[in-house]
Amino acid sequence: MKNILITGGAGFIGSHVVRLFVNSYPNYHIFNLDALTYAGNLENLKDVEQKQNYTFIKGDITDATFINSLFEAHQFDAVIHLAAESHVDRSIKEPLAFVKTNILGTINLLEAFKTIWNHDFSEKRFYHISTDEVYGTLGDTGLFTETTAYNPNSPYSASKASSDHFVRAYGETYGIPYVISNCSNNYGPNQFPEKLIPLFINNIINNKPLPVYGDGNYTRDWLYVIDHARAIDLVFNKGENKETYNIGGFNEWKNIDLVKLLCAQMDKKLGRSLGISEKLITYVKDRPGHDLRYAIDASKIKSELGWQPSVTFEEGLGLTINWYLENKEWLNHVTSGEYQDYYEKQYT
Ligand code: NAD
Ligand code: TYD
């Protein structure tokens, strides 16, 4: 039995990774460490909470004393680190929170891992989950590869870039066996409705305006979250030490085209006449430092680890909309803050 620490497992991507690992690997004991910030929600994991190989721990990665005692108690063989502040708009308002969680939190985990294994790292692994946003922005052409120079433009991406550098530095300096992956924009079930797709689904349901930043001609490369979790499984179990893997959907969309597709799919599912939801589109003031275009060259993970996305964007978006329509209670809880009561009821 290996003890695997997954941080941020109550969040959007983390919950899909926890579910996949708990169900696929009975020989791994999965410890999910999460501070349950506004973005963490144990309702995401109701289906795995009774499993024998799963333990939830509420705690903050910025608390070094707590992290050291946790590593001492459980002797984690590996860490899959997802816990982070993850929303660009929040980082513009509150950059220091991103420095604290994304940089200091990562260093605390690296320090604790280094201390418990004390230079004997055989069969150990520190897997850091990062973003394509560390590469900055592309113009109209080109793709981010694993060797593209870091050039972050938002406090969020700068904090993630810094954490990537610290992981690499701990690998070079102290010999920690690490692997990093940098993924494009995720979408799918359980995403907090502050990011583009779930926010717009929620607003369409409630007939609220759809705030498109600037002229809407910004491009993102979208990946269905379960395909990201599958990629994380492969990188964790088969990736090479000291390597970086770019993960993307081979799926670029201008925001405005994506929003129009979403509106059309929502009209159909809600039984509205085609064109009704599009009327909610409202152009608003642009985000400062808004990156024009992200697009990932995911050929390395495809050729070396045999990974590729399993669903098309139209399929993934359809599955996502269905999930939000079938889980209105989840949506109401996260928008009302009621979900925070869930932890109290479940664990105290
Ligand atoms: P999320 O915001 O949905 O979840 C983050 C989780 O981390 C939450 O459960 C939160 O409670 C927890 N957390 C926050 N601060 C913490 C702290 N101090 N201690 C312990 N737990 C804490 O984020 P997400 O979208 O699931 O992203 C997960 C990871 O993947 C992040 O590292 C992010 O940078 C990266 N990533 C996200 C995307 C994306 O499109 N969402 C794309 C590429 C990479
Ligand atoms: P977001 O989901 O915040 O992800 P990221 O900033 O990490 O790419 O935003 C995706 C794109 O959608 C980005 O170009 C900003 C844009 N956007 C809007 O136009 N309106 C919104 O209300 C939001 C949240 C995002």
Side-chain angles (χ1 to χ4, degrees), residues 6-18 32-42 44-45 57-63 66-67 80-92 97-98 100-102 104-106 108-109 128-134 137 153-154 156-157 159-160 163-164 181-188 190-200 203 209-223 225 228-229 231-232 246-249 253-256 258-259 281-287 289-294 296 334 343:
I6 298 184
T7 68
F12 165 50
I13 301 170
S15 60
H16 290 281
V17 174
V18 165
N32 170 13
L33 170 66
D34 198 297
L36 300 181
T37 68
Y38 77 95
N41 183 353
L42 287 175
N44 296 346
L45 288 167
I57 300 161
K58 184 171 190 278
D60 190 332
I61 58 169
T62 68
D63 180 346
F66 163 73
I67 291 296
I80 305 177
H81 176 36
L82 295 106
E85 289 291 341
S86 68
H87 187 40
V88 174
D89 294 327
R90 283 181 191 256
S91 81
I92 295 168
F98 285 67
K100 199 173 167 205
T101 291
N102 298 0
L104 279 179
T106 301
N108 285 341
L109 294 167
H128 181 59
I129 308 296
S130 192
T131 168
D132 62 352
E133 303 193 28
V134 297
T137 189
N153 291 316
S154 73
Y156 164 64
S157 54
S159 67
K160 291 296 291 188
S163 63
D164 293 12
S181 57
N182 295 80
C183 189
S184 63
N185 287 61
N186 284 216
Y187 70 98
N190 305 96
Q191 188 169 29
F192 192 82
E194 63 181 357
K195 308 270 168 72
L196 181 74
I197 290 179
L199 176 73
F200 280 28
N203 286 11
L210 306 177
V212 172
Y213 297 161
D215 61 6
N217 284 319
Y218 294 90
T219 299
R220 297 291 182 265
D221 173 353
W222 293 91
L223 178 67
V225 64
H228 188 190
I232 288 173
N246 277 0
I247 306 170
W253 285 80
K254 281 202 159 130
N255 290 344
I256 191 63
L258 184 162
V259 171
I281 293 175
T282 312
Y283 291 92
V284 299
K285 192 165 162 275
D286 212 346
R287 169 189 282 173
H290 199 166
D291 287 331
L292 178 69
R293 177 170 164 260
Y294 302 145
I296 282 273
V334 299
Y343 172 77

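Heads up: numbering here begins at 1 and tracks the sequence. Just follow the structure's listing: the first ligand is 1, and inside any ligand the first atom is 1.
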request  = Say whether Gly105 and ligand 1 are in contact under the criterion: heavy-atom distance to a ligand atom below 4.0 Å.
outcome  =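 In this structure, Gly105 fails to qualify as a contact of ligand 1 - no heavy atom is under 4.0 Å.
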request  = Measure the distances from the heavy atoms of Tyr38 to every atom of ligand 1 and state whether one is below 4.0 angstrom.
outcome  = no
request  = Mark yes or no for whether Asn190, through its side chain, and Asn44, through its backbone, hold a donor-acceptor pair below 3.5 Å.
outcome  = no
task = Spell out, as yes or no, whether a donor-acceptor pair under 3.5 Å connects the side chain of Asn108 to the backbone of Ile61.
result =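 Here the side-chain-to-backbone pair exists.
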What are the atoms of ligand 2, with element, lying closer than 4.0 Å to any heavy atom of [X]?
X      : answer
Glu194 : 24 (C)
His87  : 3 (O)
Asn255 : 11 (C), 12 (O), 13 (C), 14 (O), 16 (C)
Leu199 : 22 (O)
Lys195 : 2 (O)
Glu133 : 5 (P), 7 (O), 8 (O)

Below 4.0 angstrom from a heavy atom of [X], which ligand 1 atoms are there? Numbered from 1 as shown, please.
X      : result
Gly8   : 6 (C), 7 (O)
Gly59  : 19 (N), 20 (C)
Cys183 : 42 (C), 43 (C)

message = Tell me if the NZ atom of Lys100 is crowded by more than 12 foreign heavy atoms within 6.0 Å.
response =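 Count not over threshold, so no.
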Out of [options], who is nearest to [atom] when you count heavy atoms only?
atom                    : options                        : answer
atom 44 (C) of ligand 1 : Ser130, Ser184, Ser86          : Ser130
atom 36 (N) of ligand 1 : Thr106, Ile13, Asn108, Asn32   : Ile13
atom 3 (O) of ligand 2  : Arg293, Arg287, Lys254, His290 : Arg287
atom 14 (C) of ligand 1 : Ala84, Gly11, Ser181, Ala35    : Ala84
atom 18 (N) of ligand 1 : Thr7, Asp60, Ile57, Leu223     : Asp60
atom 15 (N) of ligand 1 : Leu196, Thr101, Leu109, Asp63  : Thr101

ask   = Going by distance only, is there an N or O of Thr131 that falls short of 3.5 Å from an N or O of ligand 1?
value =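 Such a contact does not occur with ligand 1.
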query = Can you find an N/O atom of Lys160 closer than 3.5 Å to an N/O atom of ligand 1?
reply =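 Yes, Lys160 has an N/O under 3.5 Å of an N/O on ligand 1.
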key: N or O pair under 3.5 Å between Pro211 and ligand 2   =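 Yes, at least one N or O pair falls under 3.5 Å.
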ask   = Taking distance alone, with no angle check, do Trp222 and ligand 2 share an N/O pair under 3.5 Å?
value = no
message = Does only the side chain of Phe66 get under 4.0 Å from ligand 1, or the backbone, or both, or neither? Count heavy atoms.
response =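 Contact part for Phe66 vs ligand 1: neither.
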request  = With heavy atoms only and a cut-off of under 4.0 Å, state how Asp34 meets ligand 1: side chain, backbone, both or neither.
outcome  =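 Contact part for Asp34 vs ligand 1: both backbone and side chain.
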remark   = Among non-hydrogen protein atoms, atom 25 (C) of ligand 2 lies closest to Tyr213 CE1, 3.6 Å
query = Which protein non-hydrogen atom lies closest to atom 8 (O) of ligand 2, naming both residue and atom, and how far is it?
reply = Arg220 NE, 2.7 Å
ask   = Are Arg90 and Tyr38 in a cation-pi contact, defined as NZ or CZ under 6.0 Å from the six-membered ring centre and within 45° of the axis?
value =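 Verdict for Tyr38: a cation-pi partner in Arg90.
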task = For the residue pair Glu133 and Tyr294, confirm or rule out a side-chain donor-acceptor distance under 3.5 Å.
result =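 Short answer, yes.
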task = Could you tell me which non-hydrogen atom of Asn186 sits nearest to which non-hydrogen atom of Phe12, and how far apart they are?
result = CB-CE2, 3.5 Å
query = Heavy atom of Phe200 under 4.0 Å from ligand 2?
reply = yes
